[in-house]
Amino acid sequence: MPVKAGAAITITAFDWVPDFAKGQVRDLRVRWALEEVGQDYAVRCLRQGQQKEAAHRALQPFGQVPTYEEGDLTLFESGAIVWHIAERFPGLMPEDPVGRARSLEWLFAALNTLEPPIMDRSMATIFEATEPWSAPRLPGIDTRIEGRLKEASDRLGTAEWFTGRFSAGDLMMVSVLRIIEGEGLIEIFPNLADYVARGTERPAFQRALAAQMAGFTGKPPPGFDT
């Protein structure tokens with residue numbers, strides 16, 4: 001469906017998450033992209049559990065956040081949303097076809113190559129930490145992550161950004177890599193650590209992070225073990 005010119009943008013986010021998730025929920029990636037391209041947006045905050053209700057599943061069939069609404073268009077999946085923003089508004093997309101393709105390449109690399117083992121580590125250290133199989137799996141997971149980080153580090157070399165100038169691909173790479181900041185993994189590769197720092201020092205990222213953090217005004221769901 002075509003997007004109506006000038007249509008207001010609304011995204012969804014949570015009004016509460018556990019402390020370890022603050023600053024990591026994926027609406028941050030969408031907020032960052034919108035900040036980079038200078039687009040205002042509204043946020044519809046969901047309480048925990050509301051994302052699984054029928055009204056939200058009509059927008060996001062898997063019951064997750066974020067979603068993106070603009071006129072007649074509704075999108076889910078942070079990667080798809082960020083790419084749409086980059087194509088729709090100037091600021092995150094190289095103008096030449098090759099540059100556009102490279103940006104898309106690194107957006108997919110972030111989501112398909114780097115994020116899976118990184119999220120596997122989150123499962124082992126957070127969500128399934130008390131399960132008997134988690135601790136024995138961790139060394140293997142870290143080995144896989146380190147392998148991917150070395151490959152990314154080798155490709156980045158001394159460059160400032162993976163895509164020549166900061167683009168949607170770098171936005172997603174930084175978003176994924178920062179998940180493991182402070183875990184002693186990315187710190188092995190100084191050029192990647194500096195790369196993440198360059199990304200998160202951008203004013204647009206700082207505005208997006210502040211906005212997400214300010215939105216956590218809700219309460220934990222009943223029975224949540226604090």
Side-chain angles (χ1 to χ4, degrees), residues 8-48 51 60 64-70 75-86 88-93 103 106-107 110-111 114-115 118-119 121-122 125-126 149 152 160-163 165-187 191-220:
I9 296 169
T10 299
I11 68 171
T12 49
F14 290 128
D15 71 357
W16 177 91
V17 293
D19 286 346
F20 68 80
K22 291 178 179 178
Q24 294 291 353
V25 187
R26 284 167 175 74
D27 62 278
L28 179 61
R29 303 170 183 186
V30 175
R31 294 174 188 263
W32 186 6
L34 289 167
E35 292 287 353
E36 288 283 352
V37 300
Q39 291 297 308
D40 293 333
Y41 60 96
V43 181
R44 184 166 61 252
C45 287
L46 307 178
R47 67 180 185 277
Q48 281 296 327
Q51 75 273 21
Q60 218 291 1
Q64 301 170 318
V65 299
T67 57
Y68 175 101
E69 299 166 71
E70 183 188 5
L75 292 173
F76 64 93
E77 291 294 335
S78 62
I81 297 169
V82 167
W83 189 250
H84 167 74
I85 292 168
R88 176 147 168 69
F89 306 106
L92 277 176
M93 183 76 74
S103 182
W106 282 102
L107 183 143
L111 296 175
L114 285 162
E115 192 166 41
I118 287 174
M119 291 311 299
R121 190 178 201 277
S122 295
T125 59
I126 299 173
L149 292 178
E160 187 175 20
W161 306 112
F162 279 105
T163 56
R165 69 170 181 84
F166 184 81
S167 73
D170 288 299
L171 184 151
M172 197 59 69
M173 283 291 291
V174 171
S175 295
V176 169
L177 290 173
R178 64 181 291 269
I179 296 171
I180 51 172
E181 275 191 299
E183 298 295 329
L185 292 166
I186 197 170
E187 291 79 9
N191 65 333
L192 288 184
D194 291 345
Y195 170 78
V196 172
R198 279 194 296 277
T200 57
E201 287 167 1
R202 293 176 68 86
F205 175 84
Q206 292 295 320
R207 291 193 299 270
L209 180 61
Q212 185 187 74
M213 298 299 286
F216 294 131
T217 59
K219 297 179 180 180

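Just so you know, these numbers come straight off a predicted model, no measurement behind them. This chain uses plain numbering: 1 for the first residue, then up along the sequence. The analysis underlying the following values was restricted to heavy atoms, covering all of them including side chains, and did not include hydrogens, waters or symmetry mates.
- Within the 4.5 Å cutoff, no side-chain heavy atoms of W16 are placed close to those of T217.
- At a threshold of 4.5 Å between non-hydrogen side-chain atoms, the residues W83 and S103 count as touching.
- Under the 4.5 Å side-chain criterion, counting only non-hydrogen atoms from C-beta, L149 is in contact with I180.
- The distance from atom OG1 of T125 to atom CD of E183, rounded to the nearest 0.5 Å, is 6.5 Å.
- For the pair G182 and E187, the tightest heavy-atom approach, listed with the atom from each and the gap, is N-OE2, 2.6 Å.
- Atom CZ of R198 and atom CG of N191 lie 8.0 Å apart (nearest 0.5 Å).
- Shown here for T10 and R44, the closest heavy-atom pair between the two residues is CG2-NH1, 3.6 Å.
- Judged purely by distance below 3.5 Å, without hydrogens or angles, the side chains of Q39 and Y41 never pair a donor atom with an acceptor atom.
- The backbone N or O of T200 sits less than 3.5 Å from a side-chain atom of Q206, completing a donor-acceptor pair.
- Side chains of L28 and F205 form a contact here, defined as non-hydrogen atoms less than 4.5 Å apart.
- Scanning all heavy atoms of the two residues, the minimum distance from E115 to L111 falls at OE1-CD2, 3.3 Å.
- For L192 against F162, the heavy-atom pair with the smallest separation is CD2-CZ, 4.1 Å.
- The shortest distance between side-chain heavy atoms of I179 and M119 falls below 4.5 Å.
- E36 places no side-chain N or O within donor-acceptor distance of the main-chain N or O of G91, the cut-off being under 3.5 Å.
- With values rounded to the nearest 0.5 angstrom, I85 atom CD1 is found 8.0 Å from L92 atom CG.
- Nearest approach of A168 to V82, heavy atoms of both residues: CB-CG1, 4.1 Å.
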### Q64 and R26: CA distance, side-chain angles, deciding distance, side chain to side chain contact (heavy atoms under 4.5 Å, CB included) verdict
CA-CA 9 Å; Q64 301 170 318; R26 284 167 175 74; over 6 Å; no
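- A side-chain donor-acceptor contact under 3.5 Å links T67 and T12.
- No side-chain heavy atom of L34 sits less than 4.5 Å from a side-chain heavy atom of R207.
- We find the CD-CG distance between E160 and D194 to be 11.0 Å, quoted to the nearest 0.5 Å.
- Look at R202 and E35 and you find no salt bridge, because none of the NZ, NE, NH1 or NH2 atoms lies under 4.0 Å from a carboxylate O.
- Shown are W106, W161, Y195; of these, the side chain to side chain donor-acceptor pair (under 3.5 Å) with D170 is made only by Y195.
- Atom CD of E77 sits about 10.0 Å away from atom CZ of R29, to the nearest 0.5 Å.
- Of all non-hydrogen atoms in Q48 and D15, the two that sit nearest each other are N-OD1, 4.2 Å.
- Two residues are said to be in side-chain contact when any heavy atoms from C-beta on lie closer than 4.5 Å; V17 and Q24 fail this criterion.
- A 4.5 Å side-chain heavy-atom check between Q60 and V65 finds every atom pair outside the cut-off.
- Once rounded to the nearest 0.5 Å, the distance linking CE of M172 with CH2 of W32 reads 9.5 Å.
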